Amino acid sequence: MSRPNHQHHQINLEIKRHEDNIKFLQSEINRLSESILDLQVSLGKHLPANGTGTTNESGATLAEKDETEQILRHEKSAASLLCRLELLKSHHATQALNLALTKDVLGIVGIVATLGRVHDDNLSRLLSEYLGLETMLAIVCKTYEGVKVLEKYDADGTIISTAGIHGLGSSIGKSIKGRFLVICLEDLSPYVGGFVADDPQRKLSLPKPKLPNGECPPGFLDYAVNTINLDDKNLDCLTSGGHGLRETLFYSLFSCLQIYRTRAEMRLALPCINDGALSLDGGVIKKSGVFILGSRKDIEVKFPATSGESSMPAKYLEIEDMIKKLKWERSHVTEDMQREQELLDFAKANFTRQV
C-alpha cells in the first residue's frame, strides 16, 4: 500500500472513531435527559397522597375541612347539600336521616373536588380553573342506578321535591337551585393502556409527547391526569369492570392534558399538543387550536393541596439531588461530545487536504 493511501486509510479510521464516539455520547445525553425527565415527573409521586397535613380532632385534615367549607359556601348547590348531609350523618343525625342517606344516595362516590389531591397549590388552582366550578362541584356516581335515585319525576316530567336528593334537602330545610352535573363512572370510556410499573398510585403509562424531531419538548412536566393523588379509599373505588377513578373520572376530565413549566415552553410544544396544555405560570390551551387568554381567575372550589413542610419527605429531596447529579453528568458528557466534534472536524479537514 502506498504511503498516501495508507494515510487516507488512517484518517478514515480516525473519522469513523470520532463519529462512533459522537453517536455514543449523544445516546448517553439522550439517556440522561430521559432519566432527568422521569425523575422530574416522579417528584409528585413521592409526596404523601393520604393523610397529609395537620389533622383536627375528628381525624380530618385541615385541607379536607377547608375544601368542605368552600363547597358549603355554595348553599343552593347539590354538592353543598351532600356535604351538609354527610356532616349531619357524621354527627349522629337521626336514624331516619341515616337510613335515607343509605337508601337514596346509594352509589354516590363523592364530589369531584373531594376525590383527589394535588401536591402543589398553584397547580391545584390551575387544574380547578381549567375544569370550572360546575365540574368541580359535580356529583360522581358509580352506576346509572345511582344517578336515577338522585332525582324522581312525576308523569308530567316535573321533579318530585320530596324524593331523591331534593327530598333529603327538604328534610333538613335546604333546597337546590338550578341544574347540577352528575357523572356516571360506568358510562365513561375508560383509559385502556398500561400503568406505571410499581406505582402505588396506579398512574397511567402515557407516552411522553414528541416534537417532530422525535425529542420530548423542554419544560414538559407531566400529564394532568397523573398529577392527581388518590387516597387509599379512592384508590380502591372500582367500577364493575375493574376501572379506578384515575382511568375513568380523571381521564375523562383531563384526557392527555399536558403540564409545562412556562407559557413559552408550552408554546414551543404546540406541534405535539392535541388535548390541551397548562403552564405553571398561567398559560392555558383548552385543546388544539383553542387558547384561553386574559388574567387568571381563582376558582372558589379547588382540589386540596398537600404542599407544606410535612409533604416534603426525604425521598423527594433525594430525587432532587439525583436530578442535580444527572444534570452535572449530562453537562460533562456534552462537553466531551463537543470536543469529539472538534476532533472530527479537524480530521475531515485533514482528509480534504490530503486528497
Side-chain angles (χ1 to χ4, degrees), residues 29-30 32-47 112-113 116-133 135-136 191 193 196 201 203-229 246-247 249-299 301-303 305-307 316 319-320 323-324 326-327 330-331 334:
I29 291 171
N30 293 342
L32 290 166
S33 296
E34 285 288 314
S35 298
I36 290 167
L37 182 59
D38 288 340
L39 286 171
Q40 286 172 334
V41 169
S42 71
L43 282 178
K45 185 191 304 182
H46 291 282
L47 290 171
V112 168
R117 294 173 176 272
V118 181
H119 70 78
D120 175 78
D121 186 65
N122 180 49
L123 181 58
S124 170
R125 292 175 186 277
L126 284 167
L127 294 176
S128 303
E129 181 190 15
Y130 175 84
L131 292 179
L133 182 61
T135 300
M136 291 297 290
Y191 165 80
V196 175
Q201 280 286 311
K203 294 187 178 180
L204 311 185
S205 183
L206 296 167
K208 296 185 184 72
K210 297 292 182 184
L211 292 168
N213 63 6
E215 295 181 1
C216 183
F220 171 75
L221 297 176
D222 204 348
Y223 289 98
V225 68
N226 282 339
T227 65
I228 301 294
N229 286 320
R246 191 181 307 282
E247 58 265 37
L249 174 66
F250 291 112
Y251 184 68
S252 173
L253 294 177
F254 294 121
S255 189
C256 291
L257 181 73
Q258 301 171 22
I259 309 294
Y260 287 86
R261 272 193 299 263
T262 67
R263 187 184 275 104
E265 289 170 322
M266 181 179 73
R267 286 174 175 170
L268 289 173
L270 280 174
C272 57
I273 294 175
N274 295 314
D275 295 324
L278 304 176
S279 66
L280 298 185
D281 57 359
V284 183
I285 299 174
K286 195 68 177 179
K287 60 181 180 179
S288 182
V290 180
F291 302 84
I292 296 180
L293 307 180
S295 302
R296 288 174 61 174
K297 177 185 177 182
D298 268 350
I299 198 161
V301 177
K302 58 186 177 62
F303 294 109
T306 59
S307 58
Y316 186 97
I319 292 173
E320 282 195 325
I323 290 173
K324 289 177 184 176
L326 286 173
K327 285 184 175 179
R330 183 176 64 181
S331 70
T334 301

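These numbers come from a predicted model, not from an experiment.
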Is the side chain of Thr227 donor-acceptor paired with the backbone N or O of Ala224 at a distance under 3.5 Å, no angle test?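 Yes.
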
Quick check: closest heavy atoms across [X] and [Y], and the distance to 0.1 Å?
X      : Y      : value
Asp120 : Ala305 : C-CB, 4.1 Å
Gln258 : Tyr223 : CG-CE2, 3.7 Å
Ser124 : Phe303 : OG-O, 2.5 Å
Lys302 : Ile299 : CB-CG2, 4.3 Å
Val225 : Tyr251 : CG2-N, 3.7 Å
Ile292 : Lys286 : CD1-CD, 3.9 Å

Measure the [atom1]-[atom2] distance between [X] and [Y] for me, rounded to the nearest 0.5 Å.
X      : Y      : atom1 : atom2 : result
Lys210 : Phe220 : NZ    : CZ    : 10.0 Å
Thr135 : Tyr130 : OG1   : OH    : 10.0 Å
Met136 : Leu253 : CE    : CG    : 9.5 Å
Met266 : Ile259 : CE    : CD1   : 10.0 Å

Can you list, pair by pair, the side-chain donor-acceptor contacts under 3.5 Å of residues 267-278, counting residues two or more places apart and other chains?
residue : atom : partner : partner atom : Å
Asp275  : OD2  : Ser255  : OG           : 3.2

Please determine whether side-chain contact (heavy atoms from CB on, under 4.5 Å) holds for the pair Phe254 and Leu131, giving the CA-CA distance in whole Å, both sets of side-chain angles, and the decisive distance to 0.1 Å. CA-CA 8 Å; Phe254 294 121; Leu131 292 179; 3.6 Å; yes

Identified side-chain contact (heavy atoms from CB on, under 4.5 Å) partner of Leu123 from the options Asp222, Ile228, Val118, Leu221: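 Going through Asp222, Ile228, Val118, Leu221 one by one, the side-chain contact (heavy atoms from CB on, under 4.5 Å) with Leu123 is satisfied by Val118 alone.
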
Partner residues of Thr262 under the side-chain contact (heavy atoms from CB on, under 4.5 Å) criterion, sequence neighbours left out: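 Thr262 satisfies side-chain contact (heavy atoms from CB on, under 4.5 Å) with Ala264, Glu265, Asp281 once adjacent residues are dropped.
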
Arg296 side chain near Leu126 side chain, heavy-atom distance below 4.5 Å: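 Arg296 reaches Leu126 side chain to side chain.
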
Are Val301 and Val112 close enough, and set up right, to give a side-chain contact (heavy atoms from CB on, under 4.5 Å), and what steps lead you there? CA-CA 10 Å; Val301 177; Val112 168; over 6 Å; no

Worked check of side-chain contact (heavy atoms from CB on, under 4.5 Å) between Tyr191 and Leu206: CA-CA 10 Å; Tyr191 165 80; Leu206 296 167; 3.6 Å; yes

